[in-house]
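Below is one structure; the comments refer to it alone.
Along the sequence shown, residues carry numbers from 1. Atoms within each ligand, like the ligands themselves, are counted from 1 in listed order.
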Amino acid sequence: MNQVVKKNALVNVLVVGGGGREHALAWKLAQSNRVHKVFVAPGNGGTALDSRMENINITEPIELLAWAATNDIALTLVGPEQPLAAGVVDLFRSKGMRIFGPTAAAAQLESSKAFSKAFMRRHGIPTADYDTFTDPALAHAFVDRLGAPIVVKADGLAAGKGVVVAMDIAEAHAAIDFMLVDNTLGVAHNEGGARVIIEQFLIGEEASFIVMCDGKNVAVMATSQDHKRLLDGDLGPNTGGMGAYSPAPIVTPDVYNRAMREVIFPTIKGMAEDGIPFTGFLYAGLMIETEGENKGQIKTLEFNCRMGDPETQPIMMRLKTDFFEVLWAATEPGANGQVGGRLDKIELEWDRRTALGVVFAAEGYPMSPRKGDVITGLPSKDSTVGDDALVFHAGTAAKDGQTLTSGGRVLCVTALAESVKSAQQRAYEVAQDIGFAGMQYRKDIGHKAIKS
Ligand code: AMP
Ligand code: GLY
């Protein structure tokens with residue numbers, strides 16, 4: 001099948017996923033005057049309420065393809081990493097359907113830490129020194145030799161739980177055992193079984209550096225910073241992200257140039273040279289040195305092959321360019337089944353204000369979030385509050401006229417304002433009306449960017 005879409009005709013699009021990131025992507029796509037309807041699979045309580053969107057209860061890639069092919073979908077955008085690692089892009093492309101994301105082979109930059117570390121070493125991309133192990137005895141001996149602090153990472157996808165930053169060696173030994181021996185995390189093992197990366201502990205400040213790629217050209221997304229820890233002051237367990245803001249002042253013009261020159265361009269070039277051109281969002285988690293003689297130096301902590309959640313929510317709020325047109329240019333088919341892409345023709349325009357999003361999580365998150373609590377005080381229909389705030393849904397479900405919690409991260413209240421401080425104030429002000437039993441949230445989102 002080959003998709004023919006008349007120039008400037010209204011089209012339907014499909015967003016795969018059901019988190020806060022996908023609500024924000026669908027919200028932005030729905031504003032395009034090229035888009036008729038945004039289908040979201042499976043979507044959430046927020047996308048269910050918005051008349052421009054419709055939820056489709058499908059998650060399996062093969063079923064998504066069959067549904068998209070028979071429902072006049074002009075373009076598909078994939079939010080989360082699991083369907084990408086499972087080959088949803090390969091499947092859609094094999095039928096001539098437009099889809100934005102990396103192939104399963106390219107998604108290994110995220111789905112296999114052993115792949116991405118070896119890739120970075122091979123192409124001279126700055127990252128922490130490391131070694132890879134399948135034998136627990138050798139891994140334990142390595143930790144004994146290097147000492148703590150040290151970082152132990154499971155090779156496969158682990159829903160953000162596969163990294164232990166061990167401050168003493170007992171913690172590192174325990175991590176090796178539960179990753180290599182017991183697999184209590186439920187890591188999706190890659191070929192060859194359980195594997196860990198043990199790497200040098202890095203100090204500095206983290207930033208999320210996200211770009212769109214069409215295989216050879218790059219369009220850079222606005223900079224952002226996430227808050228990984230559950231509690232105020234960056235304490236408590238690691239989470240998927242408790243809040244984010246854009247732009248991130250830590251990414252100075254110098255850091256930006258280094259990130260492009262040392263990380264992004266060599267990665268796009270390296271993937272193409274290795275015969276697996278990267279298409280989709282490339283998210284480099286960067287550690288930036290903030291002190292001493294190496295101030296401003298960057299190292300790549302990890303690659304993700306998708307947008308960040310919750311970084312997407314503030315980033316989409318700042319994007320002024322028609323997002324459908326951007327994705328359409330990025331997915332232009334090339335000759336003879338090669339990737340095409342016209343991202344070189346795209347100029348992304350950003351609102352110069354700051355957007356800041358605060359995540360509201362369920363009781364028990366991140367270990368065992370409770371579901372089924374009634375959420376009160378939500379804005380009706382399209383999730384907007386005035387013209388400067390939005391309540392993006394994540395783990396929510398619409399039931400009998402109510403919205404219930406249905407996952408760990410429940411909502412992300414996002415506001416746009418002149419400064420980080422005023423965006424923070426506005427987000428917390430909007431959130432005052434919203435509540436559910438056991439709600440957890442941080443009260444200091446944006447603190448690193450607010451000068452006291
Ligand atoms: P990753 O999934 O590799 O980004 O790791 C999750 C989090 O663990 C990162 O966001 C960092 O906060 C932390 N982390 C990962 N690798 C290192 C490292 N080499 N040194 C210090 N912290 C790290
Ligand atoms: N917020 C971090 C991530 O999306 O991986």
Side-chain angles (χ1 to χ4, degrees), residues 17 19-22 24-25 79-82 84 107 109-117 120 126-131 143 146 148-167 171-172 175 179 185 187 196-210 221 223-230 234-246 248 250 263 281-290 297-316 357-359 361 366 392 394 408-409 412 442 445 448:
R21 167 183 48 212
E22 289 75 28
L25 294 170
E81 63 275 20
Q82 295 86 355
L84 294 166
L109 277 183
E110 174 167 5
S111 66
S112 168
K113 292 208 187 275
F115 174 93
S116 77
K117 292 293 287 190
M120 287 191 260
T127 189
D129 282 340
Y130 76 102
D131 229 319
V143 162
L146 265 67
I150 195 160
V151 183
V152 185
K153 302 185 175 185
D155 176 47
L157 288 180
K161 292 176 287 189
V163 174
V164 172
V165 179
M167 296 319 284
E171 219 183 324
M179 287 182 195
L185 284 175
V187 175
V196 292
I197 304 291
I198 302 181
E199 72 176 28
Q200 173 200 10
F201 172 75
L202 299 175
I203 311 173
E205 196 171 324
E206 287 178 52
S208 309
F209 201 90
I210 308 173
M221 306 303 279
T223 61
S224 61
Q225 210 170 14
D226 176 19
H227 298 61
K228 291 248 161 67
R229 304 296 192 105
L230 182 70
D234 298 315
L235 300 172
N238 251 320
T239 71
M242 294 300 290
Y245 55 97
S246 169
I250 180 86
V263 181
F281 290 106
L282 178 67
Y283 166 152
L286 301 180
M287 186 70 98
I288 303 160
E289 291 244 13
T290 52
Q297 278 193 5
I298 57 171
K299 290 224 160 85
T300 314
L301 284 172
E302 63 163 348
F303 282 121
N304 295 316
C305 60
R306 49 168 177 80
M307 282 287 279
D309 190 344
E311 291 94 325
T312 304
Q313 291 84 319
I315 289 175
M316 283 296 126
V358 181
V359 167
F392 290 117
R409 290 183 292 170
C412 181
R442 281 182 59 162
I445 298 304
K448 286 195 200 121

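Only side-chain heavy atoms of Val163 come within less than 4.0 Å of ligand 1; its backbone N, CA, C and O stay farther off. When non-hydrogen atoms are compared, ligand 1 lies under 4.0 Å from the side chain of Lys153 (C-beta onward) but not from its backbone.
Contact between Cys412 and Pro310 at its shortest, heavy atoms only, is SG-CB, 4.2 Å. The minimum heavy-atom distance linking Gly241 with Arg409 is given by the pair O-NH1, 3.0 Å. Ala284 and Val263 get closest at one heavy-atom pair: CB-CG1, 4.0 Å. Taking every heavy atom of both residues into account, Met287 and Gly204 meet most closely at SD-C, 3.5 Å. When all heavy atoms are compared, the tightest approach of Asp155 to Ser112 is OD1-OG, 2.9 Å.
Side-chain atoms of Thr290 and Glu205 include no donor-acceptor pair closer than 3.5 Å.
Between atom CE of residue Met307 and atom CZ of residue Arg21 there is a gap of 8.5 Å, rounded to the nearest 0.5 Å.
Between Glu302 and ligand 2, a contact under 3.5 Å exists for no N or O pair. For Met287, no nitrogen or oxygen atom sits less than 3.5 Å from a nitrogen or oxygen atom of ligand 1, counting backbone and side chain alike. Any N or O atom pair closer than 3.5 Å counts here, and Asp309 shares at least one such pair with ligand 2.
Comparing Glu302, Glu206, Lys113, Lys117 against atom 11 (C) of ligand 1, the shortest heavy-atom distance belongs to Glu206. Around atom 18 (C) of ligand 1, the closest heavy atom drawn from Asn238, Val151, Thr127 belongs to Val151.
Ligand 2 places these atoms under 4.0 Å from at least one heavy atom of Glu311: 1 (N), 2 (C), 4 (O). Atoms of ligand 2 found under 4.0 Å from any heavy atom of Asn304 (numbered from 1 in listed order, with element): 5 (O). Ligand 1 places these atoms under 4.0 Å from at least one heavy atom of Val165: 8 (O), 13 (C), 14 (N), 22 (N), 23 (C). With ligand atoms numbered from 1 in the order given, ligand 1 contributes 18 (C), 19 (N), 20 (N), 21 (C) to contacts under 4.0 Å with heavy atoms of Leu202. Atoms of ligand 1 found under 4.0 Å from any heavy atom of Glu199 (numbered from 1 in listed order, with element): 16 (N), 17 (C), 18 (C), 19 (N). Which parts of ligand 1 touch Lys228 is read off a 4.0 Å heavy-atom cut-off, strictly below it: atoms 10 (O). Each of the following atoms of ligand 2 lies closer than 4.0 Å to a heavy atom of Gly240: 1 (N), 2 (C). Near Gly308, meaning under 4.0 Å from one of its heavy atoms, ligand 2 places the atoms 4 (O).
When only non-hydrogen protein atoms are considered, atom 2 (C) of ligand 2 lies nearest to Asp226 OD2, 3.2 Å. Among all non-hydrogen protein atoms, the one lying nearest atom 5 (O) of ligand 2 is Arg306 NH2, 2.9 Å.
Between Arg21 and ligand 2 there is no heavy-atom distance shorter than 4.0 Å. Heavy-atom distances between Gly241 and ligand 2 stay at or above 4.0 Å for every pair.
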| field | Stepwise side-chain contact (heavy atoms from CB on, under 4.5 Å) check, Met221 with Phe281 | value | CA-CA 9 Å; Met221 306 303 279; Phe281 290 106; 4.1 Å; yes
